[in-house]
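The structure appears below as structure tokens.
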Amino acid sequence: MSTDPYEPFRQEVRNILGEALRSMGVEQKVEFETPDPNIADMAFPCFPLAKVLRKAPKAIADELAAKIAPSALLERVWAENGYLNFKVNGDHLVKDTLGAIISEKRDYGAGEPKSCRVLLEHTSVNPTGPIHVGRARNPLIGDTLARCLRKNGYPVTTEYLVNDVGKQVVLLTWGVEHVPSSEVKPASDRQKVDHQLVGYYQRANELLESDPEVEKQVAEMLRAFENGDPLVIEKVRATTERMLDGIKESLTRIGVVLDQYTWESQFILNGEARQVVERLKLSPYAHEEEGAWYLDLSTFGIHGREQNFFFTRSDGTTLYTTRDMAYHLDKFKRSDLMINVLGEDQKLGQAHLLAALKILCEEKAPECVYYSFVSLPEGRMSTRKNVVVYLDDLIDEAEDRAFEEVRKRRVDLSEEKMRQISREIGRGAIRFNIVRVQAEKQLTFRWEEALNFEGNSAPFVQYAHARCCSILRKAGEFTHSFDPRLLNEPYERRLIRVLAQYPATVRDCGERRRIHLMPVYAHEVASALNQFYAYVPVLRSGEHQNARLTLVEAAMWVLRGSLDCLGLAAPEEM
RNA sequence: GGGCGAGUGGCCUAGACUGGAUAUGGCAGCAGCCUCCUAAGCUGCAGGUCCGGGGUUCGAAUCCCCGCUCGCCCGCCA
């Protein structure tokens, strides 16, 4: 368990304030807020007490201020505008924060190791084409959340449920088998398997609509598949596997590697989906209509046209959500906490799934993180209609742009080194730009924003890190100094205050699943570092040098940690 | 028609769950800063009916109600 430098201060305020309140006859949990740092470090609003004590908030604040003397940890306690304000002892904060970071290094901010096994399902895009930037929001949210949870001490397994069942993948497989390559235009001229195969899928879709013979063949194949024909199932799986290879390659390029892949067809082949059907049929909520079975979920808060959840077709075959239930029952055995990262279109399906799991008397339930779709300025993306920006193209563009920037300023580096840095920057810019926005906000993809390398962006943070490395590289060996008297500049104090907030930020991102706060925080650290850098010399600063080098090293560890939570590389030069 | 989510300067965005002091940053714009640790940077200026209207409250971007706009869903698809 790492140190949270702010915790002793919070504890102190809770103690002395609680005591002061009790002496005034108020028994309550002490809740204080964190105001603008220019005002105070911590603040207690006295307004809610006005009614209880029948006094003006100002008077209450004055009275509290009179009761509380400054302490070793709190250098100033004062009343202002109906608040009781606290200023922490800055010297104490400097020593504690720098001391904690330098001794804990990459573990600073990490949570205590936990035994709760987390199974985080993300990505799970249909393998009918290359992953596009709309769907890329899923792996980026999922991977970032996984990293934040791991930082908090959770053992996390990430998993992709591969949809190798159903009309889409059957159609893809039919297309690969029957469409002549002369009729196919691939997604791009690259040799990547998913870019090659998607053309067959798109052409097959066209043929399906225009040619009744094709419709017949596909229906036939689908029927064989639904009846469990192992040959057909195997063929479809083989095609999706090829497509998935391409998708995996794209994911790897943006730094997303999943731990496990589970194939949906497995739950048909091993009979577990069938078992779900049989169990559901026994429930009092189950009804049958022309051979098709459904659950009436009106007592589960689902009403109207949505209340009937069909779990079999009239021919007895299973439906997607039924197989998803089998998958979840399987996950229950392997984990203590399940998190699913899903597109907002999945909400109803998940509501059905949650209700159905309750009907089966299952106590566990997955927790879901939903995200809104990314659209293009001209509208929604669609692989089928070829209205898309593929992730591969975005990555290429980002790396090219980054390469231009690196070449402009670093004539000294080898071509290979410049390429490596460009990859780290390009990939980072994409990840940062998508993760910085709250998942539930709709996002319109714009090239100029996705390729932003300034201000609130990954390169801004990476650059701050590289600056730290550069100074430390030039400094060579030095002796750490945590002497607050040597770190008195306002920009030094501000930077230290920000560094002290890292453990709390990590907790928020992981425990509250609010990963978009990490880019906000990382930008804040980088910004504080850049201001410090601009105004305070480090090298050749005489008696201050060791203390400032210590601060630079501390900033480097925190920047590195933040970048790591975000899945961004921390280049030492750029 | 019903359900869910979002609406914050020209554009993007934090804050909302847990109401509290002058609403956070960035992009674009304007004006400055490289004899000094990488200017992907720093400083300053300008820019706001927090979608609209009611309500609750000492106090509302935040909570409640009504409406508007946008997205998603309402298949024996996945």
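Order of the sequence lines fixes the chain letters, A, B, ..., with proteins taken first and strands second; residue numbering starts at 1 for each chain. This structure is a prediction, so every number in the text was calculated from the model and none was measured.
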Using a 4.0 Å heavy-atom cut-off, does A:Q462 contact any base of the nucleic acid, only the sugar-phosphate backbone, or nothing at all? nothing
In whole Å, what separates the P atom of B:rA21 from that of B:rG44? 23 Å
Please state whether the phosphate of B:rG71, meaning OP1 or OP2, lies under 4.0 angstrom from any side-chain nitrogen or oxygen of A:K441. no
Please tell me if A:H352 has a side-chain N or O lying less than 4.0 Å from either OP1 or OP2 of B:rC76. no
Is any N or O donor-acceptor pair between the side chain of A:Q442 and the base of B:rG5 shorter than 3.5 Å? yes
Side chain of A:Y535: nearest nucleotide among B:rC37, B:rU43, B:rC77? B:rU43
When the distance from CG of A:N452 to P of B:rA28 is rounded to whole Å, what number comes out? 7 Å
Pair A:Y285 and A:F300, ring centroids less than 6.0 Å apart: yes
Using the side-chain heavy atoms of A:N85, tell me which of these nucleotides is nearest: B:rC17, B:rA21, B:rA14. B:rA21
Could you measure between the two P atoms, the one in B:rC74 and the one in B:rA16, and give it in whole Å? 32 Å
B:rU24 and B:rG47, which share atom name C1', separated by this distance in whole Å: 16 Å
Just N and O in the side chain of A:K408: are any of them under 4.0 Å from OP1 or OP2 of B:rA40? no
Indicate whether any N or O donor in one side chain lies under 3.5 Å from an N or O acceptor in the other, for A:H480 and A:E553. yes
Go through B:rC72, B:rA78, B:rA39 for me and flag the one nearest to the A:N126 side chain. B:rA78
Considering every strand and a 4.0 Å limit on heavy-atom distances, what is the contact class for A:E524: base, sugar-phosphate, or nothing? nothing
Side chain of A:L348 only, please: which of B:rG5, B:rC73, B:rG15 is the nearest? B:rC73
Check this for me: A:R54, atom CZ, are more than 12 non-hydrogen atoms of other residues, nucleotides or ligands nearer than 6.0 Å? no
Check this one for me: any side-chain N or O of A:R323 less than 4.0 Å away from OP1 or OP2 of B:rA78? yes
Would you say a side-chain N or O of A:R436 is under 4.0 Å from OP1 or OP2 of B:rU24? no
Is there a donor on the side chain of A:E306 or the base of B:rG2 sitting less than 3.5 Å from an acceptor on the other? yes
Under 4.0 Å between any heavy atoms, over every strand shown, what does A:A475 touch: base, sugar-phosphate, or nothing? Just pick one. nothing
To the nearest Å, give me how far apart CD (A:E449) and P (B:rU13) are. 8 Å
Tell me which nucleotide, if any, is Watson-Crick or G-U wobble paired with B:rG19 when both distances must be under 3.5 Å. none
For a quick test of reading the model: is some side-chain N or O of A:Y371 closer than 4.0 Å to OP1 or OP2 of B:rG5? no
Complementary nucleotide of B:rG44, counting Watson-Crick and G-U pairs under 3.5 Å: B:rC30
Taking the P atom of each, how far is B:rG5 from B:rU18, in whole Å? 15 Å
Distance between the C1' atoms of B:rA14 and B:rA6, in whole angstroms? 15 Å
Given the 90°-from-0 boundary between syn and anti, B:rC34 should be labelled syn
With heavy atoms under 4.0 Å as the rule, sort A:I39 into base, sugar-phosphate or nothing. base
Rounding to a whole Å, what distance do you find between A:F532:CZ and B:rG41:P? 18 Å
Could you state the CD-P distance from A:E573 to B:rA40, rounded to the nearest angstrom? 14 Å
Rounded to the nearest Å, what distance is computed from the CG atom of residue A:N433 to the P atom of nucleotide B:rA40? 20 Å
Can you find a donor-acceptor N/O pair under 3.5 angstrom joining the side chain of A:R512 to the base of B:rC17? yes
Rounded to the nearest angstrom, tell me the gap between atom NE2 in A:H523 and atom C1' in B:rA40. 12 Å
Taking the C1' atom of each, how far is B:rC33 from B:rG15, in whole Å? 32 Å
Side chain of A:Q531 (C-beta onward), nearest among B:rA78, B:rU43, B:rC17: B:rU43
Between A:E404 and A:K408, is the salt bridge (charged side-chain N to carboxylate O under 4.0 Å, His left out) condition met? List the steps. CA-CA 6 Å; A:E404 288 310 306; A:K408 254 196 279 184; over 6 Å; no
Taking a pair as Watson-Crick or G-U wobble with both distances under 3.5 Å, which nucleotide is matched to B:rU56? none
Without decimals, in angstroms, what is the distance between A:E344 CD and B:rC72 P? 7 Å
With a 3.5 angstrom cut-off on both distances, give the Watson-Crick or G-U wobble partner of B:rG5, or none if there isn't one. B:rC70
Return no unless some side-chain N or O of A:R305 is found under 4.0 Å from OP1 or OP2 of B:rC73. no
Could you grab the distance from atom CD of A:Q462 to atom OG of A:S457, nearest 0.5 Å is fine? 8.0 Å
Distance check, C1' atoms only: B:rA23 and B:rU49, in whole angstrom units. 14 Å
Could you check how far CG of A:D345 sits from P of B:rC70, rounded to whole Å? 20 Å
Quick one: is the NZ or CZ of A:R137 closer than 6.0 Å to the six-membered ring centre of A:Y371, and within 45° of its axis? no
Check: B:rC76 base within 3.5 Å donor-acceptor of A:T312 side chain: no
Parallel, tilted or perpendicular: ring planes of A:Y535 versus A:Y491, cut at 30 and 60 degrees: parallel
Under 4.0 Å from OP1 or OP2 of B:rG15: is there any side-chain N or O of A:Q438 that close? yes
Starting at the 5' end of RNA chain B, which residue's closest nucleotide do you reach first, A:E440 or A:K167? A:E440
Non-hydrogen side-chain atoms of A:F532 and A:L551 separated by less than 4.5 Å: yes
Could you give the distance separating B:rC27 and B:rC73 at their C1' atoms, to the nearest angstrom? 34 Å
Could you tell me which nucleotide pairs with B:rU62 by Watson-Crick or G-U wobble geometry, both distances under 3.5 Å, or answer none if nothing does? none
Quick one: label A:P57 by what it contacts on the DNA or RNA (base, sugar-phosphate, nothing), any heavy atom closer than 4.0 Å. nothing
Would you say the side chains of A:T262 and A:E159 form a donor-acceptor pair under 3.5 Å? yes
